[in-house]
Chemist: 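I'd like to ask you about the structure that follows.
Ligands are counted one by one from 1 in listed order, and the atoms in each one are counted from 1 as well.
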Amino acid sequence: MTDKLVRQVLDQVDAPDPRVGEIVSALIVHLHAFVDEVRPTEAEWRAGLAFLAETGRWCTPDRDEFVLLSDMLGLTSAVDDVNHAGPDNMTPSSVEGPFHSPAPVREPGAWISEGPERGRGTPMVVHGRVLSCDGTPLPGATVDLWQAADDGLYDSQDDAQRPGNLRGLFTADEEGRYCFRTIRPSSYPVPADGTAGRLLRAIGRHPMRPAHLHYQVTAPGHRPLTTHVFLAGDPHLGSDAAFAVKEELVRRPVPRTGGWEMDGPYEEVEFDLRLVPLGWAPGG
Ligand code: BEZ
Ligand code: FE
C-alpha cells in the first residue's frame, strides 16, 4: 500500500457527520489494503466495478440484489451479530431474508397452510412459548411467521399460492404459548439468476438454504427478535448459503400420531423464544 496515497485520500475527508467520516475512512483504508494485497489488473478492477453496476441493474422495488450479495457473503449475519449481542440464554437472532410480508391474523392452533401444498406436504404442528430471558412468560407477544412450501416456494414466488399462504400473525396466550399447524418446509435455493448467483457459481458454492421457518416476535419491554427455526437432519445445515444457522435454532421434528386435533401422522416441533429485556447491558 502506498501510505502516502492513503493518507492523501484520508486527509480530504471532512464529513459534517463524524460517524459518516469514521465509516468512509475505514472503508478507504480497507479497500486500499485490498488493492495492495490482491494487486488487481486494470481489467480485473473494471470487471469488479461492472459487476457492481450490473448488481444495481438487477434491483427492482421487489428485489434487492445488493442485500442478497450481502447475505451470500455472510455480511448480513455479521451485522446482525454485531447489533444483537445479549445474554447467553436469549434466542439468537438471524437474518430476515427477502420474503417477509404482512401476514394474516390467525387464531391459536390455526393452519397457515391453505394452498395445494396442504395435500402434498408432511403435516407439522409447531408450538412453544414466548419468554423473557429469565423464563417469565410474555402473554400478548406477537409471533409473525413465514415459511416456504414443500417445493421451496414462498407465496410471492408461486401463482398456485394465495398471498398470505404459509404466513400467520399469532398472539401468545396468558402463559406466553403460541401454536400453529402447517406442512414441513423444504430446503430451497436463493434466487440465483442475478449477480449473487453468478458470484456463487464463480467460487464453486451452492445456493441452498436448509429447511427453516422464519419468526419475528415482539413483546412490550423487550427487543424485537427476528430469527429462524431450522429442521435437524437437513443436508444443507452445515453450508447455509445465507450463513444464518446457529445451533440453538435447530430442532428435530418428532413423528407423532394423535393429539393437537390432527388426523393421521404428523411431526411436532417445539420452539421457545427468549427475548432480551430493553435496557439489557453486558455485565449489568
Ligand atoms: C430466506 O430465508 O428467505 C432468505 C434469506 C437470505 C437470502 C435469501 C433468502
Ligand atoms: Fe426463508
Side-chain angles (χ1 to χ4, degrees), residues 55 58-84 91-103 112-113 115 117 121-122 124 126 143-158 161 163-169 180 182-201 203 205-217 224-251 253 269 271 273:
T55 301
W58 273 93
C59 295
T60 68
D62 298 324
R63 174 167 178 168
D64 194 323
E65 195 72 4
F66 279 106
V67 175
L68 194 56
L69 262 187
S70 164
D71 296 342
M72 299 301 99
L73 293 173
L75 291 167
T76 310
S77 280
V79 173
D80 190 64
D81 287 347
V82 162
N83 285 283
H84 296 276
T91 300
S93 69
S94 79
V95 304
E96 178 172 324
F99 296 115
H100 185 226
S101 62
I112 65 168
S113 164
E117 75 289 343
T122 303
M124 213 166 72
V126 183
V143 179
D144 184 359
L145 197 287
W146 68 106
Q147 67 163 92
D150 60 322
D151 57 3
L153 296 176
Y154 285 89
D155 57 356
S156 54
Q157 300 173 298
D158 182 4
Q161 295 184 51
N165 191 44
L166 294 169
R167 300 178 188 274
L169 190 61
F180 60 93
T182 185
I183 53 99
R184 182 193 247 268
S186 68
S187 44
Y188 64 80
V190 299
D193 50 346
T195 48
R198 185 141 73 83
L199 181 73
L200 292 181
R201 287 186 291 283
I203 60 174
R205 276 179 53 193
H206 69 71
M208 297 302 290
R209 299 219 58 218
H212 59 270
L213 294 90
H214 295 267
Y215 285 75
Q216 212 158 67
V217 186
L225 172 66
T226 300
T227 194
H228 297 49
V229 62
F230 294 92
L231 304 183
D234 189 288
H236 303 294
L237 268 181
S239 60
D240 179 7
F243 301 97
V245 179
K246 293 172 180 165
E247 64 179 59
E248 302 93 320
L249 303 178
V250 180
R251 294 288 180 279
V269 171
F271 184 53
L273 298 122

Chemist: Look at ligand 1 and say whether His100 reaches it with a heavy atom at a distance under 4.0 Å.
Modeler: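 His100 does not count as a contact of ligand 1 under the 4.0 Å cut-off.
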Chemist: Polar contacts were defined as any N/O atom of the residue lying under 3.5 Å from an N/O atom of the ligand; does this apply to Arg209 and ligand 1?
Modeler: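 For ligand 1, there is an N or O atom that lies under 3.5 Å from one belonging to Arg209.
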Chemist: Under 4.0 Å, heavy atoms only, figure out whether ligand 1 is touched by the backbone of His212, its side chain, both or neither.
Modeler: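 For His212, only side-chain atoms sit under 4.0 Å from ligand 1.
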Chemist: Just to the nearest 10 degrees, tell me the angle at the Fe ion (ligand 2) spanned by Tyr154 OH and Tyr188 OH.
Modeler: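 Answer comes to 100°, rounded to 10°.
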Chemist: Is the distance between the ring centroids of Phe230 and His236 under 6.0 Å?
Modeler: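 Judged by ring-centre distance (under 6.0 Å), His236 and Phe230 do not meet the cut-off.
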Chemist: Would you mind listing which atoms of ligand 1 come within a distance below 4.0 Å of any non-hydrogen atom of His214?
Modeler: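 This gives 1 (C), 2 (O), 3 (O) as the contact atoms.
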Chemist: Whether the side chain of Asp234 engages the backbone of Ala211 through a donor-acceptor N/O pair (distance < 3.5 Å, no angle test) should be reported.
Modeler: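 It does hold such a pair.
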Chemist: Should you measure from each heavy atom of Gly97, which atoms of ligand 1 turn up under 4.0 Å away?
Modeler: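 Answer, ordered by atom number: 4 (C), 5 (C), 6 (C).
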Chemist: Quick one: are Val269 and Arg184 in side-chain contact, heavy atoms under 4.5 Å?
Modeler: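 Heavy-atom side-chain distance check fails, nothing below 4.5 Å.
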Chemist: Quick check: do Leu73 and Leu199 have side-chain heavy atoms less than 4.5 Å from each other?
Modeler: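 Result yes, sub-4.5 Å side-chain heavy-atom pair found.
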Chemist: Atom OH in Tyr215, atom OG1 in Thr227: separation rounded to 0.5 Å?
Modeler: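 So the gap between those two atoms works out to 9.5 Å.
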Chemist: If you look at His214, which of its N/O/S atoms is nearest to the Fe ion (ligand 2)?
Modeler: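 That would be atom NE2.
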Chemist: If you apply the rule side chain to side chain contact (heavy atoms under 4.5 Å, CB included), what do you find for Arg167 with Tyr154, and how did you get there?
Modeler: CA-CA 9 Å; Arg167 300 178 188 274; Tyr154 285 89; 4.2 Å; yes
Chemist: State the atoms of ligand 1, each with its element, that fall below the 4.0 Å cut-off from a heavy-atom position in Leu68.
Modeler: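 Heavy-atom distances to Leu68 below 4.0 Å select 7 (C), 8 (C).
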Chemist: Consider every N or O of Tyr188 and every N or O of ligand 1, then say whether any pair is closer than 3.5 Å.
Modeler: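 Yes, since at least one N or O of Tyr188 sits under 3.5 Å from an N or O of ligand 1.
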Chemist: Taking 4.0 angstrom as the limit and counting only heavy atoms of Ala242, give me the atoms of ligand 1 inside it, by number and element.
Modeler: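 Listed by number with element, the hits are 6 (C).
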